[in-house]
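Take a look at the structure set out below.
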Amino acid sequence: MGFFKNEIIMLSYWEKKNFLKYDLIVVGGGIVGLATAIQYKEAHPDSSVLVLERGYFPSGASTKNAGFACFGSLTEILDDLNVLPEEKVLALVEKRYRGLLAIRNYFGDQALDYRHDGGFELITQNELSQLDELSRVNDLLKPIFGKEVFGLLEDFGGFNFGPKVKGIVRNSFEGELDSGKFIQALWERCSELKVKVLTGIQVDHLNTEEKKLVIGNPSSPLTFIFQAEKIAVCTNAFTNSLLPRMDLKPGRGLILVSKPLPYEIPWKGSFHYDKGYVYFRNIDNRLLLGGGRNLDFEGEETVKFGINPSIRSYLISIMNEIIFPGKAPEIEMEWSGIMAFGPDKRPIIEMLSPGVGIAVRLGGMGVAIGWQSAGELVNLLQKV
Ligand SMILES: Cc1cc2nc3c(=O)[nH]c(=O)nc-3n(C[C@H](O)[C@H](O)[C@H](O)COP(=O)(O)OP(=O)(O)OC[C@H]3O[C@@H](n4cnc5c(N)ncnc54)[C@H](O)[C@@H]3O)c2cc1C
């Protein structure tokens with residue numbers, strides 16, 4: 001706001017007439033917000049649709065993630081089976097898998113830089129007994145995939161992982177994409193459809209009865225009030241500042257990227273470790289390594305971006321002992337992103353009042369379920 005300091009900004013007749021009222025306003029310009037705007041506009045081509053994003057770029061999780069196009073590793077699914085009935089676990093996996101197929105089908109693999117290189121889970125001594133469950137999980141998932149999802153990799157010596165790795169489970173249905181290209185594809189589709197996306201606009205207050213969105217402090221001369229027939233709240237981890245009663249908690253995730261390595265990385269695909277809490281992949285012959293939130297759940301329950309030094313050290317030790325033993329690559333970049341979690345892994349997709357709906361709490365699988373979650377929200381918004 002430095003630009004406008006001590007200036008009194010008054011909206012003009014033209015601005016008031018043309019810029020403040022819409023048929024649908026979406027709050028939040030991540031995967032879910034943009035996908036909601038697109039699917040609504042496709043169903044209602046004559047409607048006016050606006051997306052309001054507080055950051056210059058999406059500033060939550062959608063461009064901060066690892067770009068895994070995944071639906072759950074073997075140990076992650078086994079973990080879920082310990083707490084959820086089989087049909088619920090199946091429904092979660094199916095939604096993620098269908099979601100991945102849906103975005104690939106809609107945007108095309110090239111636009112997303114989708115690579116179907118498979119998923120791999122590193123198994124340590126403690127997890128070896130979980131391999132006994134592999135056939136059971138494959139049988140369970142067969143109705144969705146038609147064939148076996150998980151298999152043991154016979155020979156992984158060429159990957160040169162450290163001695164802690166006792167086995168590797170391969171998943172031939174997983175892939176990886178470029179998270180920036182995914183958002184780029186969403187932006188381009190918004191532009192084709194004439195969906196307006198305004199960035200750098202934070203919604204400070206939401207009046208669900210009057211369907212008004214207040215930008216700025218009501219006593220400040222810089223306050224804008226947008227109004228819409230319908231509102232979609234797609235603010236994921238940041239929802240509680242607008243709607244304090246929603247049942248979700250933020251969870252920060254850390255990602256490190258190495259300098260380009262002077263040797264060719266002998267593997268590709270998306271790799272999971274420690275029940276999916278740690279993940280890594282090969283991007284442009286650099287290591288992308290992330291996760292480790294389980295080391296400090298409490299400390300990472302925050303909406304503030306930042307680096308937790310103990311998690312950073314933990315990830316570095318995994319890099320130096322497990323992924324590239326004895327090689328110690330240098331880290332060039334690091335960042336964090338904020339996810340939203342709840343008591344179970346399902347997102348919140350519901351109407352808050354007539355005309356005001358919400359799709360949030362995407363957990364760590366928004367690449368897979370974001371598009372479909374948006375579709376579910378659009379269906380609800382259309383019923384009103
Ligand atoms: C480190 C990390 C790694 C991940 N890896 C993967 C992965 O490999 N695969 C996968 O499937 N998922 C992954 N995820 C999860 C995935 O990125 C999310 O589930 C997904 O991006 C959620 O999308 P969203 O649109 O709901 O939320 P977000 O991307 O957070 O979008 C919400 C947007 O709302 C905006 N906003 C918030 N409040 C306001 C306001 N008041 N006014 C205006 N705008 C507002 C925010 O700036 C933000 O851009 C990862 C997440 C992180 C953080």
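Quantities reported herein were computed from a predicted structural model and do not represent experimental measurements. What's counted below: heavy atoms across the whole structure, side chains too, no hydrogens, waters or symmetry copies. Just so you know, ligand 1 is whichever comes first in the structure, and atom 1 is the first atom listed for that ligand.
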| atom 39 (C) of ligand 1: nearest protein contact (heavy atom, Å) | T235 CG2, 3.5 Å

| request: Please report which non-hydrogen protein atom sits nearest to atom 16 (C) of ligand 1, along with the residue it belongs to and the distance in Å to one decimal place. | output: G366 N, 3.8 Å

| message | For F145 and F173, I'd like to know if the aromatic rings sit close, meaning centre-to-centre distance below 6.0 Å. | response | yes

| Is the closest heavy atom of G67 to ligand 1 under 4.0 Å? | yes

| said: In this structure, does ligand 1 have an atom that sits under 4.0 Å from one of the heavy atoms of Y279? | reply: yes

| query | What is the nearest protein non-hydrogen atom to atom 13 (C) of ligand 1, stated with its residue, atom name and distance? | reply | G364 O, 3.4 Å

| query | Are the ring centres of H272 and F280 closer than 6.0 Å? | reply | no

| The one among M339, E53, M365 that brings a heavy atom closest to atom 52 (C) of ligand 1 | M339

| message | Using a strict threshold of under 4.0 Å (side-chain N to carboxylate O), is an ion pair present between D117 and R115? | response | no

| query | What are the atoms of ligand 1, with element, lying closer than 4.0 Å to any heavy atom of P58? | reply | 49 (O)

| Should I369 and V360 be counted in the same cluster of Ile, Leu, Val, Met, Phe, Trp and Tyr side chains packed under 4.5 Å apart? | no

| said: Suppose I only count heavy atoms of A368 and a 4.0 Å limit; which atoms of ligand 1 are within that range? | reply: 11 (O)

| request: Would you mind finding which of V32, L288, V367 brings a heavy atom closest to atom 11 (O) of ligand 1? | output: V367

| request: For atom CZ of R170, decide whether the heavy atoms of other residues, nucleotides or ligands shown that lie under 6.0 angstrom number more than 12. | output: yes

| query | Hey, what's the ring geometry for W371 with Y106, parallel, tilted or perpendicular (30° and 60° as the breaks)? | reply | tilted

| Over 12 foreign heavy atoms within 6.0 Å of CD, E330 | no

| Who gets closest to atom 44 (N) of ligand 1 by heavy atom: H272, R54, R252? | R54

| request: Would you mind running through ligand 1 and noting each atom that sits below 4.0 Å from a heavy atom of I338? | output: 53 (C)

| query | If hydrogens are left out, which of I183, N65, L177 has an atom nearest to atom 14 (N) of ligand 1, that is, the closest non-hydrogen atom? | reply | N65

| message | Applying a heavy-atom cut-off of 4.0 Å, say which part of V360 lies close to ligand 1: side chain, backbone, both or neither. | response | neither

| Is a side-chain N or O of N285 found less than 3.5 angstrom from the main chain of I265, in a donor-acceptor match? | yes

| said: Parallel, tilted or perpendicular, judged at 30° and 60°: which one describes the rings of Y263 and F324? | reply: perpendicular

| Nearest-contact summary for atom 34 (O) of ligand 1 - protein heavy atom, Å | G28 CA, 3.2 Å

